[in-house]
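Please read all numbers here as calculations on a predicted model, not as lab measurements.
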Amino acid sequence: MSRDWSLSRFGPKTVLCVMAAEPEYGPALRARIRPLITGVGPVEAAAAVGHALAELKAGDGLPDRIVSLGSAGSRTLDHARVTLTKIRD
C-alpha cells in the first residue's frame, strides 16, 4: 500500500483524515488535507485504517484524532453525525 496520505494538523491536534473514494476528494479538500483513501465498504475501511495506524504507531506516532469524511462504509448513513473516539495504546 503506497503512502500518498499524510496526517493533518488542526491547531495542536494531529488528525488522520479518511475517505472511501477518490471522487469524494474535491478541490476544496485537496487544498487542505491529504486523506487516506480506503476503498468502499466497512471491511476495506477497517483494513486500511488498521494498516495506517500500525504504520504510524511504528514510526511517526498515532494521531490525536481520526476524522472519517463520509459514512465510513455504513449502509444506514446518519447525516451530520459527529463521533469522537480517543485512540488508546
Side-chain angles (χ1 to χ4, degrees):
M1 180 182 293
S2 68
R3 185 169 175 180
D4 53 354
W5 53 272
S6 65
L7 293 179
S8 298
R9 183 164 287 283
F10 297 100
K13 302 295 184 186
T14 56
V15 178
L16 173 61
C17 296
V18 179
M19 303 181 80
E22 190 74 29
E24 298 174 321
Y25 186 38
L29 290 174
R30 286 181 191 278
R32 293 170 176 82
I33 62 170
R34 286 184 41 216
L36 169 65
I37 305 294
T38 64
V40 176
V43 173
E44 292 80 356
V49 171
H51 183 271
L53 291 176
E55 184 178 318
L56 288 167
K57 187 173 183 179
D60 304 336
L62 293 171
D64 296 306
R65 303 281 186 266
I66 299 171
V67 175
S68 176
L69 301 159
S71 64
S74 174
R75 294 177 194 258
T76 57
L77 175 62
D78 186 2
H79 289 281
R81 180 176 179 184
V82 176
T83 303
L84 178 62
T85 303
K86 185 174 181 179
I87 298 173
R88 298 182 184 164
D89 287 328

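- Annotation for Ala20 and Thr38: closest pair CA-OG1, 3.6 Å, computed over non-hydrogen atoms.
- Side-chain contact check for Leu56 versus Pro63: some heavy-atom pair is nearer than 4.5 Å.
- Using a 4.5 Å cut-off on side-chain heavy atoms (C-beta onward), Leu29 and Met19 make contact.
- Between the CZ atom in Arg32 and the CZ atom in Phe10 there is a gap of 9.5 Å [rounded to 0.5 Å].
- Pairs passing the side chain to side chain donor-acceptor pair (under 3.5 Å) check and including a residue from residues 7-17, sequence neighbours excluded, read Thr14-Asp64.
- Residues satisfying the side chain to side chain donor-acceptor pair (under 3.5 Å) criterion with Arg30, sequence neighbours excluded, are Glu22.
- Here the closest non-hydrogen pair linking Ala52 and Leu36 is CB-CD2, 3.8 Å.
- Shown here are the side chain to side chain contact (heavy atoms under 4.5 Å, CB included) partners of Val67, two or more places apart in sequence or in another chain: Val15, Leu69.
- Between Leu62 and Leu16, every side-chain heavy-atom pair lies at or beyond the 4.5 Å cut-off.
- Put simply, the side chain of Tyr25 never gets that close to the backbone of Ile37: no donor and acceptor are under 3.5 Å apart.
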